[in-house]
Amino acid sequence: MVRPTDAREKGDRRSCRSTMDARCGDGEAHRVAVAVLYGSESGATQGWAEMAASKLRQHGLDAHARRLDDEGARALAVASNGRAWTLFLVSTAGKGDAPSGARSFWRCLRRKWIPNHLLRRAKCAVLALGDSAYLEYNYFGKRLHNRLVKLGAHMAVPLRLGDAQEEGGHLAAVEDWLDEARRAILDDLGGRAPSWREETPRYRVVVHQTCDASELEGDETELLREPHEAGAAFRRLATWAPRLMAEEDLAENEMEVLAALRSTERTEREINVQVKSNECIASGGDVPKVHHVVFTRDPGEVQATSERPVDENESRSEMHRTDTSEEGKNGLVYGGGEVVFDAGDPSANGRTFEEGQQDQATDRVLPMYRAGDCVAVYPETMCKDVHRLLDRLRINGSYLTTVQLNPEHFGRCASEPPPPIKFIAPLEVWFQGALDVGSAAPQGSFFEAMAQFATAQHEKDRLRLLATREGHTTRTEYCDGERRTVAEILCEDFPSVRPTMPWLFHASPRLRARLFSAASAWADSPSQVALTATLSEWTTPFGRARTGLFARWIQGVKRGKVVRIEIVGADGDISRFVKQSLHRPLLLVATGAGIAPVRAFARERLLLHGSTVPTAVVFGCRRRQCDFLHASAWASESQLGLFRHGGAFVLACSRDGASKVYVQHRIKQHARRIWDFTKHGGCIFVCGGSTTGMPDAVALALEQVAQQVGGLSQEESRSWRQDLVRKGRYCVEAWT
Ligand SMILES: Cc1cc2nc3c(=O)[nH]c(=O)nc-3n(C[C@H](O)[C@H](O)[C@H](O)COP(=O)(O)OP(=O)(O)OC[C@H]3O[C@@H](n4cnc5c(N)ncnc54)[C@H](O)[C@@H]3O)c2cc1C
Ligand SMILES: Cc1cc2nc3c(=O)[nH]c(=O)nc-3n(C[C@H](O)[C@H](O)[C@H](O)COP(=O)(O)O)c2cc1C
């Protein structure tokens, strides 16, 4: 660990004048509460926030990382009286949106009735972590900063924008900004630097060399057997932070701030679901594998179905059988790779939201979700990777292992000690459910921690280099770009490193949830949610074939398995679009797994409106026989009248004919119909992988439609489309 050595800091220790002087026992340090608040969509910024808090603690400050939605309001309340500092680390998600874990806080902070002087005594700093490859570069961080300024907060450090494209990546921005923030805090303390404290691991981890739980059970002890239980328990430990201030200790004006900023909304929470079905619905040749997975909250639904393992070929042939029979019955038009489902019988209908809501009293019902919402799924680390690592460390994975929070990590000055609860699970179960040692590339702090345990000097030197910003390029090449994992790093490249379990638990990447758009409608079946996922495979710059963790894990998941998920509400553009499009004609354009939210839109419209509002779908795949996703479902929805009143289902297959046909070509072929849709107040939703350039090609095709049929000039057609975006009638959801 690096100790502070610069002259300025040594000098800083001389004088003592503090406004936040609450001395805590045996003269260790002043209690300067620093709330390191983060908003993080996929976990990177959370990691930086934890690193920042850890560095500040080493400087004797009482700093802990906290999620904005959980503690943002309380932190600003305390800060509004000058009793704490608030440091914000936020990423930007979607198209300039607030990331997960910051959304309800952000909604509260923007309340119009909040007085402009609310935060006039609060001391804050914002670090925005984004990527300049996106048009809305660090947009959320900038907005947050501006809002805090408007509410009177004192920004002790200028807004810093961290760019993933920059040399040094986000580490450079985090280090510079943190240095400035720490100096500002110390200046505020009258130049007095609290004493240096060596960082200790966050967890106490004891491997018991027994598999017999009866020897270990006791008070405050919870025994866990399954990876999903260990994952949930570990996340509880990993996100715990001492409360900034008990509510009864808040001053009256602090209570006012808390009341102004506190959210009454539901924030995402993890729940257990069971896998009801898991089918491979596209595969073969040059077509990426796609899985359709249905989760249910109601175990009865799983038992009601047979326990046969999933048969890939069977499910695919079933899909095509249904498809072919519908083709004859419904007058489905097929020609040249294009399929148009037309009107069927509109009388049939599913259940309404109201009917579904009546069931919500039961705990067999999922939180309500809408089209455009997502399901976050926690995958597990593959047993193969866990055993490889544990074999290298020569530890028996079936030994029961106790994990609890380490009070020393939180410092003697923390306002409350960590809860004494201990969780016990076999060591391999901890690794499977909680730690990502077989897929994620670890952050610099992992190398810093491992350097302590290297007995070979050249390994120690290299690990130290990999932890620094000077080593950023080396780390990017060696680790990030290659997706080199903890198991690979320790098993292959650093044989002299034998870390202790507490440090391995502390420094390894945690398993993070993967986001998927809901591919089902809650009103259809409030106990179920489905996803349609393309399995990610890619080749690294050094030619190593990689498969995503979710992609590897889901292929082995059987019916009945319990999985942890969260329902994640859509924000920004999508939720606005959902409201806008409810009663209007709707054009849905999708490629590949982009069909997932399109299915949710289609089901919701059938359930809410029957077939009264026109809907059209343009779907792009490679081969009709391989990856025409949910073909039979579209056929039956056509029967239910989804495509009445000028609607249609149009298919573009890029590899079935002599020339490639994409969704943009189909849009131009159906120009008149599409122009009619938009002229009648229609909305357009485009969804699919961003790497293919599909969203841009669709935008151009639509502008060409406006020129050809609507008679607009090129410029007019562009502003026509931009106007649709502004009005919330044109929405693109693209992911890599
Ligand atoms: C809001 C939202 C909704 C989504 N909805 C869907 C959906 O409905 N269906 C769907 O299929 N997907 C969807 N996605 C994308 C999905 O979340 C990812 O494909 C998924 O997380 C992949 O998980 P994984 O564990 O298999 O891959 P991970 O291991 O998490 O890898 C993630 C991706 O990074 C890429 N990657 C990682 N490292 C490298 C590297 N070094 N070089 C090159 N590429 C690399 C891979 O291509 C991979 O796709 C959505 C994403 C978001 C943000
Ligand atoms: C779907 C998606 C959308 C993104 N949108 C933006 C954006 O609009 N502006 C930006 O600066 N960065 C954007 N980013 C980049 C992230 O902000 C950046 O990768 C950040 O490090 C993610 O941190 P997190 O894991 O804490 O959310 C986006 C990333 C993804 C995956």
Side-chain angles (χ1 to χ4, degrees), residues 1-6 9 47-61 63-65 171 174-175 178 182 195-207 234 237-238 386 388-395 401-412 427 430-431 434-438 440-472 474-475 478-480 484-510:
M1 302 283 136
V2 189
R3 283 169 173 275
T5 50
D6 66 299
E9 274 174 37
W48 293 120
E50 284 163 5
M51 187 195 103
S54 150
K55 298 263 177 217
L56 292 172
R57 274 198 306 277
Q58 287 172 37
H59 285 274
L61 299 169
H64 299 280
L171 177 63
V174 176
E175 283 189 342
L178 194 60
R182 187 170 49 79
S195 56
W196 173 259
R197 207 158 61 78
E198 203 70 63
E199 179 71 327
T200 50
R202 186 180 176 90
Y203 313 99
R204 278 188 182 156
V205 181
V206 181
V207 183
F234 194 69
L237 298 180
V386 171
R388 184 178 180 209
L389 179 65
L390 295 183
D391 288 350
R392 145 79 171 82
L393 299 175
R394 290 195 224 108
I395 302 180
T401 303
T402 302
V403 180
Q404 69 182 118
L405 287 169
N406 173 13
E408 275 173 45
H409 173 82
F410 297 94
R412 274 174 285 169
L427 187 58
W430 282 116
F431 277 93
L435 300 170
D436 188 343
V437 295
Q443 280 191 326
S445 52
F446 171 80
F447 296 100
E448 189 180 358
M450 292 305 112
Q452 302 172 76
F453 302 101
T455 48
Q457 191 58 41
H458 68 282
E459 288 185 19
K460 199 181 267 295
D461 294 344
R462 189 165 156 77
L463 285 164
R464 283 197 177 135
L465 173 74
L466 288 165
T468 60
R469 67 203 268 185
E470 293 71 39
H472 172 77
T474 318
R475 194 176 63 247
Y478 166 69
C479 190
D480 305 342
R484 216 172 288 273
T485 67
V486 168
E488 286 173 322
I489 292 166
L490 294 184
C491 295
E492 292 167 15
D493 298 328
F494 296 94
S496 85
V497 177
R498 189 126 194 258
T500 59
M501 275 301 149
W503 276 108
L504 197 55
F505 272 59
H506 178 92
S508 295
R510 293 201 289 269

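As a basis for the values below, the full set of heavy atoms in this structure was taken, side chains included, without hydrogen atoms, waters or symmetry mates.
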Might you point out which heavy atoms bring [X] and [Y] nearest each other, and give the distance in Å?
X: H409; Y: H506; value: CE1-CE1, 3.8 Å
X: Y478; Y: R484; value: O-NE, 2.8 Å
X: S508; Y: L504; value: OG-O, 2.7 Å
X: L171; Y: A467; value: CD2-O, 4.0 Å
X: V205; Y: P502; value: CG2-CA, 3.9 Å
X: L405; Y: P407; value: O-CD, 3.4 Å

The side chain to side chain contact (heavy atoms under 4.5 Å, CB included) partners of A487 (sequence neighbours excluded) come to L389, T485
Hits for side chain to side chain contact (heavy atoms under 4.5 Å, CB included) against A507, two or more places apart or cross-chain, chain-then-number order -> F446, A449, M450
By salt bridge (charged side-chain N to carboxylate O under 4.0 Å, His left out) - contacts of [X] (at least two apart):
X: R510; answer: E50
X: E492; answer: R388
X: R57; answer: E199

Within this structure, what is the [atom1]-[atom2] distance for the pair [X] and [Y], rounded to the nearest 0.5 Å?
X: Q443; Y: C479; atom1: CD; atom2: SG; value: 10.0 Å
X: F494; Y: F453; atom1: CZ; atom2: CZ; value: 15.0 Å
X: D480; Y: R475; atom1: CG; atom2: CZ; value: 6.0 Å
X: F431; Y: T401; atom1: CZ; atom2: OG1; value: 8.5 Å
X: T468; Y: L463; atom1: OG1; atom2: CG; value: 11.5 Å
X: R392; Y: L490; atom1: CZ; atom2: CG; value: 6.0 Å

Determine whether R182 and L56 make a side-chain contact, defined as any pair of heavy atoms from C-beta on separated by less than 4.5 Å.
yes
#### Entry: Minimum side-chain heavy-atom gap R462-T474 below 4.5 Å
yes
Main chain of [Y], side chain of [X]: is a donor-acceptor contact present, judged purely on distance under 3.5 Å?
X: E459; Y: S496; result: yes
X: N406; Y: P201; result: yes
X: R202; Y: A238; result: yes

(message) Working note: R498 + R394, criterion side chain to side chain contact (heavy atoms under 4.5 Å, CB included); need CA distance, chi angles, decisive distance, verdict.
(response) CA-CA 10 Å; R498 189 126 194 258; R394 290 195 224 108; 4.2 Å; yes
ring-ring contact (aromatic ring centres under 6.0 Å, His included) filter on Y203, not counting sequence neighbours, yields F234
